[in-house]
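The shown structure was predicted, so the numbers you read here are calculated from the model rather than taken from an experiment. Remember, it's 1-based here, ligands and their atoms both numbered in the order they're listed.
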Amino acid sequence: MVDLHSQYLTMKEEIDGAIQQVIDESSFIKGSAVKNFAVSFAEYNKVKNVVTCGNGTDALQIALMALDLKKGDEVIIPAHTYVATAEAIALLGLTPVLVDVDLDTFNIDVEQIEEKITNATKAIVPVHLYGQCANMENLLKIAQEHNLKIIEDTAQALGATYTFSNGKKSKAGTMGYIGTTSFFPTKNLGCFGDGGALLVNDEILSEKINMIANHGQRVKYHHDLIGCNSRLDTIHAAVLNVKLAYLDEAIAKRQKAAMVYTNGLKELEGIEIPQNTPFSTHSYHQYTLKINNRERDIVKSELLKKGIPSMIYYPVPIHLQKGYQQYGYKKGDFPIAERLAEIVLSIPIYPDIPVDQQIYIIDSLTEIMKKTNT
Ligand SMILES: *Cc1c(COP(=O)(O)O)cnc(C)c1O
């Protein structure tokens, strides 16, 4: 799906040098690269503060911990997302409240949120799925009206830009109370292992989040809060410092690759290409098709026969996962999420994907769709 090695080779000297420097300094935890990265990453996103942490799931958990919620408080999330979004909520004894998604954008259906709000609702976690922002303008209105906090799960949409109706532009992850993201190797900005971060505009909140991620301490061995241990290793920060400089270029290349697919696949019967919203750019973390002729699994295996990998993000919606049955949902509760689980198919996309490979994928899909349509 992704060629991480060729991406490394394009910046090998810089990355090797940065890693060697960490080894030479042997300051593997909280070395200078961590601080440097937090500063540059904040600048990139035009946000006041960045707190780095161990991974994107931790980032969600830490964000929720910073809200001082109590057991049973409800947090609204989309029904079609990666499990981490629900997991962080469940782990803290909070209740994930699911809302169905929009068939065209794959993101939370904002129209369906208000009917799910109760006295126990404290937060909404929109997920900017596949690389495109949820409808933040309407989400922020709802949050303000009902006094809810928004935590943006930006693990897939780092670098996407949102435009409000008044023309104001913001980076994904900087519009809500807290933004969280992941530097998992295949994400838009990936390190060489696990990594994550929180984006925060409020100084006091940022200080608190820093403490939570560091055993609840500001001063060593004085634990003012119950925290956790979640750190971005210096080696990963050093890699990220190099890669951050190429992030916009990488996203532009993803967009160009997406255009190649879109031009090649838009007329194809039985398939629907991803749609763009008027308010968000698309960073194409994934290029996700809908196989509307309902032969998705056959299409997937036929692609594989031709040597083409594809992925289903995600085959089982949260409410039908075994581990999440305690929340009392059943089949039929979220028809769009259930439908998407049956028809979505993501095809390979990464910044330097060769055009001839994309053409091979387009030609193969054209041939397979003709067969499955008849
Ligand atoms: C990857 C991802 C996460 C979790 O990030 P990790 O670094 O793997 O813990 C959370 N939410 C979404 C939507 C993701 O895609």
Side-chain angles (χ1 to χ4, degrees), residues 1-2 4 37 41 50-65 75-92 96 98-99 101-102 105-108 123-134 136 139 150-160 172-173 176 178-199 213 228-233 235-237 239-240 243 251 254 274 280 282-288 311-318 321 323-324 337 340-341 344 346 349-350:
M1 289 291 285
V2 178
L4 289 176
F37 173 67
F41 192 56
V50 161
V51 179
T52 54
C53 67
N55 58 66
T57 310
D58 277 5
L60 283 164
Q61 183 180 324
I62 293 164
L64 289 160
M65 286 169 82
V75 180
I76 289 175
I77 60 169
H80 179 68
T81 180
Y82 182 51
V83 71
T85 320
E87 189 177 49
I89 295 164
L91 270 175
L92 294 174
L98 308 190
V99 168
V101 294
D102 179 76
T105 64
F106 307 108
N107 281 325
I108 192 162
I124 307 174
V125 184
V127 180
H128 304 315
L129 206 69
Y130 305 148
Q132 191 167 236
C133 293
M136 286 304 294
L139 271 162
I150 290 188
I151 297 170
E152 298 173 63
D153 183 344
T154 316
Q156 298 191 7
L158 207 57
I178 303 172
T180 67
T181 198
S182 162
F183 305 121
F184 186 83
T186 57
K187 298 281 157 93
N188 284 5
L189 178 62
C191 61
F192 286 1
D194 278 308
L198 298 99
L199 310 174
C228 60
N229 172 28
S230 187
R231 295 186 280 243
L232 179 70
D233 296 333
I235 285 201
H236 297 314
V239 171
L240 290 169
K243 290 179 78 174
I251 290 172
R254 283 176 185 272
S280 173
H282 203 316
S283 65
Y284 289 104
H285 172 59
Q286 299 297 342
Y287 190 90
T288 303
M311 290 291 283
I312 300 163
Y313 303 113
Y314 298 93
V316 182
I318 303 291
Q321 296 284 358
Y324 289 77
L340 288 175
V344 289
S346 300
I349 191 161
Y350 53 93

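Side-chain atoms of T154 never come within 3.5 Å of backbone atoms of T181 as a donor-acceptor pair (strictly under, hydrogens ignored). K243 contributes a side-chain N or O that, together with a main-chain N or O of G190, makes up a donor-acceptor pair within less than 3.5 Å. Checked by atom type and distance alone, the side chain of S283 never pairs as donor or acceptor with a backbone atom of A160 at under 3.5 Å.
Atoms of ligand 1 lying under 4.0 Å from at least one heavy atom of S182, given by number and element, are 5 (O), 6 (P), 7 (O). Close approach of ligand 1 to N55 is summarised as follows: ligand atoms under 4.0 Å from at least one heavy atom of the residue are 7 (O), 9 (O). Close approach of ligand 1 to V127 (heavy-atom distance below 4.0 Å) involves ligand atoms 13 (C). Each of the atoms 2 (C), 3 (C), 10 (C), 11 (N), 12 (C), 14 (C), 15 (O) of ligand 1 lies under 4.0 Å from some heavy atom of A155.
Annotation: atom 6 (P) of ligand 1 to nearest protein heavy atom, G56 N, 3.4 Å. The closest protein non-hydrogen atom to atom 4 (C) of ligand 1 is T57 OG1, 3.5 Å. Regarding atom 11 (N) of ligand 1, its nearest protein heavy-atom neighbour is D153 OD2, 2.8 Å.
The shortest side-chain heavy-atom distance between V83 and Y314 does not fall under the 4.5 Å cut-off. Side chains of T288 and F106 form a contact here, defined as non-hydrogen atoms less than 4.5 Å apart.
Under the ring pair (Phe, Tyr, Trp, His ring centres under 6.0 Å) criterion, H285 pairs with no residue, sequence neighbours left out.
With F183, Y130, F184, Y314 as candidates, the residue nearest to atom 8 (O) of ligand 1 on a non-hydrogen basis is F184. Checking A59, A84, C53 against atom 10 (C) of ligand 1, the nearest heavy atom belongs to A84. Considering H285, Q156, K187, Q286 only, the shortest heavy-atom separation from atom 1 (C) of ligand 1 involves K187.
With P96 as reference, I89 is the one residue of V125, I89, I318, I76 to meet the side-chain contact (heavy atoms from CB on, under 4.5 Å) rule.
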